[in-house]
K.L.:
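Let me begin by handing over the structure; questions about it come next.
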Amino acid sequence: MKVAALVSGGKDSTYNMVKCVENGHEIIALAHAHPPKSAAHEEMDSFLFQTVGSSAVHAIAECMELPLYIQEIRGRAVTQELDYTLTKDDETEDLFALLSKVKQEHPDVQAVSVGAIFSSYQGNRVQHVCDRLGLQMLAYLWHRDQVELLREMVANGITAVLIKVAALGLGKSDLGKTLEQMEPKLLSLHEQYGIHPCGEGGEFESFTLDCPLFKKRIVVDESEVVTHSDDQFAPVLYLNIRKVHLEPK
């Protein structure tokens, strides 16, 4: 099938694209929801979208030589129940607008790639939008064992760096480190404190610099650490990516 991929910039949306291709599908376009230009900070604490790293998502499209469709996030989580019904001003309607735009430009699109693992909130909303547009949702990571999945991503060439931390045991020194570098620590924290090794509990977010589908790799030239919440035990910190460039592989 011809597939539009929802991309946040993170490891999960990227790896799900890899699984789509492995299963014989063709990625024809990327789609991304981004914070409003008027937003003071990149982190919106959205229930549905990863917004940290949004400023660099264009580089992923360039690495894949695919069109990127974007939609400003204007809504919020008006309804927070797991099941979703059409709700005015909800952020889910921004997703509908985004995928409607993709379908208009690519009438032959048949499916949507989404990197959801355990979030029923996210999965149900993407499914709801896909049903309205007559598209199939492809979520190859859904309910995968997270320890196994983390190891698989590293083994299969997903080079992603942590760009947000929000959990006991994670801090400023972990920002910018790759999944491969962080794998032992994440598995150790999983054993000690039960954190989700793929960050499904909001413990961390990532940005992908390279993967098997990229024709070039991304290099971060400039970034700054932003303190989102100065909690004594689990401060919330993220990297604001200011500048990137692409390198041949």
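This one's a predicted model, so the numbers in the text were calculated from it and none came from an experiment.
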K.L.:
Would you kindly confirm whether M137 and L82 end up in one hydrophobic cluster when ILVMFWY residues are joined by side chain heavy atoms under 4.5 Å apart?
P.N.:
yes

K.L.:
For A116, is there any backbone N or O sitting under 3.5 Å from a side-chain donor or acceptor partner on S119?
P.N.:
no

K.L.:
Please name all residues satisfying salt bridge (charged side-chain N to carboxylate O under 4.0 Å, His left out) with E152, sequence neighbours left out, ordered by chain then number.
P.N.:
K19, R144

K.L.:
When you measure from the side chain of N16 to the backbone of S113, do you find a donor-acceptor pair of N or O atoms at a distance under 3.5 Å?
P.N.:
no

K.L.:
Just wondering, more than 12 heavy atoms not from L66 lying within 6.0 Å of its CG?
P.N.:
yes

K.L.:
Could you verify whether a donor N or O on one side chain and an acceptor N or O on the other, from E81 and T79, lie under 3.5 Å apart?
P.N.:
yes

K.L.:
Which atom pairs, one a donor and one an acceptor, fall under 3.5 Å between side chains of residues 50-61 and the rest of the protein, sequence neighbours left out?
P.N.:
unit_1	atom_1	unit_2	atom_2	d
Q50	NE2	V52	O	3.1
Q50	NE2	S206	O	3.0
T51	OG1	E42	O	2.8
T51	OG1	E43	OE1	3.4
T51	OG1	M44	N	3.1
S54	OG	H32	NE2	2.7
S55	OG	E42	OE2	3.2
S55	OG	I241	O	3.0
H58	ND1	E62	OE2	3.0

K.L.:
Taking the hydrophobic residues Ile, Leu, Val, Met, Phe, Trp and Tyr, and joining any pair whose side-chain heavy atoms are under 4.5 Å apart, which ones share a cluster with V236?
P.N.:
none

K.L.:
T178 side chain to T159 main-chain N or O, any donor-acceptor pair under 3.5 Å?
P.N.:
no

K.L.:
Measure the spacing between CG of L48 and CD of Q80 and express it to the nearest 0.5 Å.
P.N.:
12.0 Å

K.L.:
Ignoring hydrogens, what is the shortest heavy-atom contact between G176 and V161? Give both atom names and the distance.
P.N.:
O-CG1, 3.4 Å

K.L.:
Taking salt bridge (Lys or Arg N to Asp or Glu O under 4.0 Å) as the cut-off, I'd like each qualifying pair that reaches into residues 95-123, sequence neighbours left out, listed once.
P.N.:
none

K.L.:
Mark yes or no for whether T227, through its side chain, and S229, through its backbone, hold a donor-acceptor pair below 3.5 Å.
P.N.:
no

K.L.:
Group every Ile, Leu, Val, Met, Phe, Trp and Tyr by side-chain heavy-atom contacts under 4.5 Å, then state whether V18 and M153 land in the same group.
P.N.:
yes

K.L.:
Enumerate the ring pair (Phe, Tyr, Trp, His ring centres under 6.0 Å) contacts for residues 169-217, please, sequence neighbours excluded, ordered by first and then second residue.
P.N.:
none

K.L.:
Using the test ring-ring contact (aromatic ring centres under 6.0 Å, His included), find all partners of Y84 that sit at least two apart in sequence or belong to another chain.
P.N.:
H128

K.L.:
With sequence neighbours left out, what residues match E222 under salt bridge (charged side-chain N to carboxylate O under 4.0 Å, His left out)?
P.N.:
none

K.L.:
Under the ring-ring contact (aromatic ring centres under 6.0 Å, His included) test, which residues partner Y121, sequence neighbours left out?
P.N.:
F47

K.L.:
Distance from K11 atom NZ to T14 atom OG1, nearest 0.5 Å?
P.N.:
9.5 Å

K.L.:
Before giving the answer on side chain to side chain contact (heavy atoms under 4.5 Å, CB included), spell out for E203 and V165 the whole-Å C-alpha distance, their side-chain angles and the decisive distance to 0.1 Å.
P.N.:
CA-CA 6 Å; E203 294 90 345; V165 292; over 6 Å; no

K.L.:
Would you please name every residue forming a ring-ring contact (aromatic ring centres under 6.0 Å, His included) with H106, sequence neighbours left out?
P.N.:
Y69

K.L.:
Assess whether atom CD of Q181 is packed by more than 12 heavy atoms of other residues, nucleotides or ligands within 6.0 Å.
P.N.:
yes

K.L.:
Of the non-hydrogen atoms in P248 and K216, which two are nearest, and what is the gap between them?
P.N.:
CA-CG, 4.5 Å

K.L.:
So, taking the atom named CZ in F96 and the one named SG in C130, what distance separates them when rounded to the nearest 0.5 Å?
P.N.:
11.0 Å

K.L.:
Would you check if L239 and E224 make a side-chain contact, meaning some heavy-atom pair closer than 4.5 Å?
P.N.:
no

K.L.:
For Q104 and S100, test the side chains for any donor-to-acceptor distance below 3.5 angstrom and give the result as yes or no.
P.N.:
no

K.L.:
Using a distance-only test with no angle check, is there a side-chain donor-acceptor pair under 3.5 angstrom linking S46 and E91?
P.N.:
yes

K.L.:
Name all residues meeting the salt bridge (charged side-chain N to carboxylate O under 4.0 Å, His left out) criterion together with D90; count only those two or more places apart in sequence or in a different chain, and write none if there are none.
P.N.:
none

K.L.:
Would you sort out whether L141 and D12 count as a side chain to side chain contact (heavy atoms under 4.5 Å, CB included), showing the intermediate values?
P.N.:
CA-CA 8 Å; L141 314 187; D12 302 335; 4.1 Å; yes

K.L.:
Side-chain heavy atoms nearer than 4.5 Å, only ILVMFWY residues, links allowed to pass through others: does that put L95 and I73 together?
P.N.:
yes

K.L.:
Quick check for you: to the nearest 0.5 Å, what is the distance between F49 atom CZ and Q71 atom CD?
P.N.:
8.5 Å

K.L.:
Any chance you could measure N240, atom CG, to Y238, atom OH, to the nearest 0.5 Å?
P.N.:
6.0 Å

K.L.:
Please list all pairs meeting ring pair (Phe, Tyr, Trp, His ring centres under 6.0 Å) that have one or both residues in residues 134-183, counting only residues at least two apart or in different chains.
P.N.:
F118-H143

K.L.:
Do other residues, nucleotides or ligands put more than 12 heavy atoms under 6.0 Å from H41 NE2?
P.N.:
no

K.L.:
If only atom types and distance count, is the side chain of D174 paired as donor or acceptor with the main-chain N or O of G171 below 3.5 Å?
P.N.:
yes

K.L.:
Honestly curious: do V3 and I28 fall in one hydrophobic cluster under the side-chain, below-4.5 Å linking rule?
P.N.:
no

K.L.:
Hey, what do you get for NZ (K177) to CG (L175), rounding to the nearest 0.5 Å?
P.N.:
10.0 Å

K.L.:
Count the heavy atoms of every other residue, nucleotide or ligand shown that sit under 6.0 Å from CZ of R132, and state whether that count exceeds 12.
P.N.:
yes

K.L.:
Please lay out, stage by stage, how L209 and R217 fare under the test side chain to side chain contact (heavy atoms under 4.5 Å, CB included).
P.N.:
CA-CA 6 Å; L209 302 179; R217 65 170 60 91; 5.9 Å; no

K.L.:
What are the two closest heavy atoms between P212 and I158, and how far apart are they?
P.N.:
CD-CD1, 4.3 Å

K.L.:
Could you tell me if the side chain of L189 sits less than 4.5 Å from the side chain of K185, heavy atoms only?
P.N.:
yes

K.L.:
State yes or no: do L186 and L237 share one hydrophobic cluster built from I, L, V, M, F, W and Y residues joined by side-chain heavy-atom distances below 4.5 Å, directly or via other members?
P.N.:
yes

K.L.:
K215 versus M64: any side-chain heavy-atom pair under 4.5 Å?
P.N.:
no

K.L.:
What are the two closest heavy atoms between S13 and G10, and how far apart are they?
P.N.:
OG-O, 3.3 Å

K.L.:
In the structure I gave you, are the side-chain heavy atoms of E183 and R151 within less than 4.5 Å of one another anywhere?
P.N.:
yes

K.L.:
Any chance NZ of K243 has more than 12 other-residue heavy atoms, nucleotides or ligands included, within less than 6.0 Å?
P.N.:
no

K.L.:
Checking C198 against L150 for the side chain to side chain contact (heavy atoms under 4.5 Å, CB included) test, could you report, in this order, the C-alpha distance in whole Å, the side-chain angles of both residues, the deciding distance, and whether it holds?
P.N.:
CA-CA 6 Å; C198 282; L150 176 63; 4.0 Å; yes

K.L.:
What pair of heavy atoms forms the shortest contact from V109 to A111, and how long is it?
P.N.:
CG2-O, 3.7 Å

K.L.:
Do I27 and L30 have side chains that approach each other closer than 4.5 Å (heavy atoms only, starting at C-beta)?
P.N.:
yes

K.L.:
Restricting to salt bridge (charged side-chain N to carboxylate O under 4.0 Å, His left out), what partner residues turn up for K249, sequence neighbours left out?
P.N.:
D210

K.L.:
Is any side-chain heavy atom of L138 closer than 4.5 Å to a side-chain heavy atom of Q136?
P.N.:
yes

K.L.:
Considering only heavy atoms from C-beta outward, does the side chain of V112 approach that of V102 to under 4.5 Å?
P.N.:
no

